[in-house]
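Take a look at the structure set out below.
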Amino acid sequence: MINKKYFKMNVTDVFYLQGNHTVFVGVVEQLEKFITKCEAQILLNNVVYATIIIAGEWMTERSPSNNKRAISTVESIDISQEIITQKKCTIQAFL
């Protein structure tokens, strides 16, 4: 059996960039290592909203006062900042 690492991100922001990149920003629980390409689920209020492929992690400056991290996908996903703000949005996956 392969020992896979689990991560869960509590999403606080979403950005749409040129080149079809969607970037999710938030605090990652249970994982210190760099997030690589993987399949992940987006949950809204603990209900699966979509399954996407995470392209990887964007480098952000982490410090004790800023523990937010950023991951991206190039898949089309219909989720707005308003939804992120109104509902508990999490992303979870096994690496």
Side-chain angles (χ1 to χ4, degrees):
M1 180 177 196
I2 298 173
N3 184 16
K4 292 192 171 189
K5 298 287 184 179
Y6 170 81
F7 83 87
K8 176 180 173 183
M9 173 184 272
N10 295 310
V11 180
T12 57
D13 295 290
V14 62
F15 301 96
Y16 295 94
L17 307 177
Q18 290 181 342
N20 296 328
H21 279 92
T22 302
V23 179
F24 296 96
V25 178
V27 177
V28 174
E29 299 175 6
Q30 304 172 349
L31 183 72
E32 288 297 320
K33 73 177 210 170
F34 192 76
I35 298 170
T36 57
K37 184 177 181 179
C38 64
E39 183 176 274
Q41 292 181 321
I42 298 175
L43 292 88
L44 297 176
N45 291 335
N46 296 318
V47 176
V48 176
Y49 175 75
T51 300
I52 59 171
I53 301 295
I54 298 296
E57 183 170 2
W58 290 48
M59 295 302 291
T60 58
E61 187 174 325
R62 283 189 263 164
S63 67
S65 63
N66 178 21
N67 58 354
K68 290 189 178 181
R69 295 167 72 173
I71 56 177
S72 69
T73 184
V74 292
E75 294 188 32
S76 177
I77 184 77
D78 184 23
I79 192 166
S80 66
Q81 182 64 43
E82 184 177 3
I83 291 171
I84 299 287
T85 303
Q86 292 176 352
K87 300 183 180 197
K88 179 183 175 190
C89 180
T90 56
I91 297 176
Q92 63 184 16
F94 286 94
L95 299 175

Note, [X] side chain near [Y] side chain (heavy atom, < 4.5 Å):
| X | Y | result |
| --- | --- | --- |
| Phe7 | Glu29 | no |
| Arg69 | Phe24 | no |
| Ile91 | Lys8 | no |
| Asp78 | Tyr49 | yes |
| Lys37 | Ile53 | yes |
| Cys89 | Ile42 | yes |
| Val25 | Val11 | no |

Under the side chain to side chain donor-acceptor pair (under 3.5 Å) test, residues paired with Asn20 that sit two or more places apart: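 In terms of side chain to side chain donor-acceptor pair (under 3.5 Å), with neighbours along the sequence ignored, Asn20 is linked to no residue.
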Nonpolar side-chain network containing Val48, other nodes, edges under 4.5 Å: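 Answer for Val48: Leu43.
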Co-members of Val74 in a cluster of I, L, V, M, F, W and Y side chains, linked at under 4.5 Å: none
Worked check of side-chain contact (heavy atoms from CB on, under 4.5 Å) between Ile71 and Met9: CA-CA 9 Å; Ile71 56 177; Met9 173 184 272; 4.0 Å; yes
Suppose we screen for side chain to side chain contact (heavy atoms under 4.5 Å, CB included). Which residues come up paired with [X], at least two apart in sequence or across chains?
| X | value |
| --- | --- |
| Val27 | Asn67, Lys68 |
| Ala55 | Ser72 |
| Gln81 | Asp13, Val14, Ile84, Thr85 |

Pairwise side chain to side chain donor-acceptor pair (under 3.5 Å) hits with a residue in residues 86-95, at least two apart: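 Residue pairs passing side chain to side chain donor-acceptor pair (under 3.5 Å), neighbours aside: Tyr6-Gln92, Gln41-Gln92, Glu82-Gln86.
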Ile35 side, atom CD1; Trp58 side, atom CH2 - distance, nearest 0.5 Å: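 Atom-to-atom, Ile35:CD1 and Trp58:CH2 are 14.0 Å apart.
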Shortest non-hydrogen contact between Ile54 and Ala40, atoms and distance: CG1-CB, 3.7 Å
